[in-house]
Amino acid sequence: MTDRIELHAMRFSGCHGVLPVEAERAQPFEVDVVLEAHLAVAGATDDLARTVDYGSVFAIARDVVEGPHVALLETLAHRIAAGVLAAHAGVASVTVRVRKLEPPLPGEL
């Protein structure tokens with residue numbers, strides 16, 4: 001049985017998107033990361049080394065979103081997931097959601 005750590009509504013600013021203006025002007029993004037891992041030992045021992053430090057997950061998401069331009073939200077999500085899996089061997093699975101809060105569309109989304 002696995003446990004879950006969920007980080008919701010992390011907000012960062014980045015320059016991502018297909019349109020040229022999106023590569024030049026930062027816009028807000030919101031990121032959720034849900035990971036599954038076996039955390040029973042951490043719960044029993046109160047040992048940070050036996051769990052996934054959510055501060056590290058936050059930093060990975062921030063570094064990706066605030067990092068170099070990419071065209072696709074899928075690329076941001078992939079890079080965040082890959083970073084979490086590379087940094088935390090005990091993570092069995094990770095789900096990432098990325099939302100562009102002010103997309104250049106003629107209406108609200």
For the side chain of [X] and the backbone of [Y], is there at least one donor-acceptor N/O pair under 3.5 Å apart?
| X | Y | result |
| --- | --- | --- |
| E22 | L19 | yes |
| Q27 | H16 | yes |
| D32 | A9 | yes |
| D3 | H38 | no |

Separation between [atom1] of [X] and [atom2] of [Y], rounded to the nearest 0.5 Å:
| X | Y | atom1 | atom2 | result |
| --- | --- | --- | --- | --- |
| Y54 | I60 | OH | CD1 | 15.0 Å |
| K100 | L76 | NZ | CG | 8.5 Å |
| R25 | C15 | CZ | SG | 9.0 Å |

inquiry  = If I compare all heavy atoms of V91 with all of A37, which pair ends up nearest, and what's the gap?
reply    =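 Where V91 meets A37 most closely, the heavy atoms are CA-CB, 4.1 Å.
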
query = Checking side-chain contact (heavy atoms from CB on, under 4.5 Å) for the pair V33/V94: CA distance, chi angles, key distance, verdict?
reply = CA-CA 7 Å; V33 177; V94 62; 3.7 Å; yes

ask   = Can you find a pair of side-chain heavy atoms, one from R97 and one from V34, that are under 4.5 Å apart?
value =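 R97 reaches V34 side chain to side chain.
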
request  = Quick one: do S56 and H88 satisfy side-chain contact (heavy atoms from CB on, under 4.5 Å)? Show the steps, please.
outcome  = CA-CA 9 Å; S56 168; H88 300 285; 2.9 Å; yes

ask   = Within a radius of less than 6.0 Å around CG of D46, do more than 12 heavy atoms belonging to other residues, nucleotides or ligands occur?
value =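 No.
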
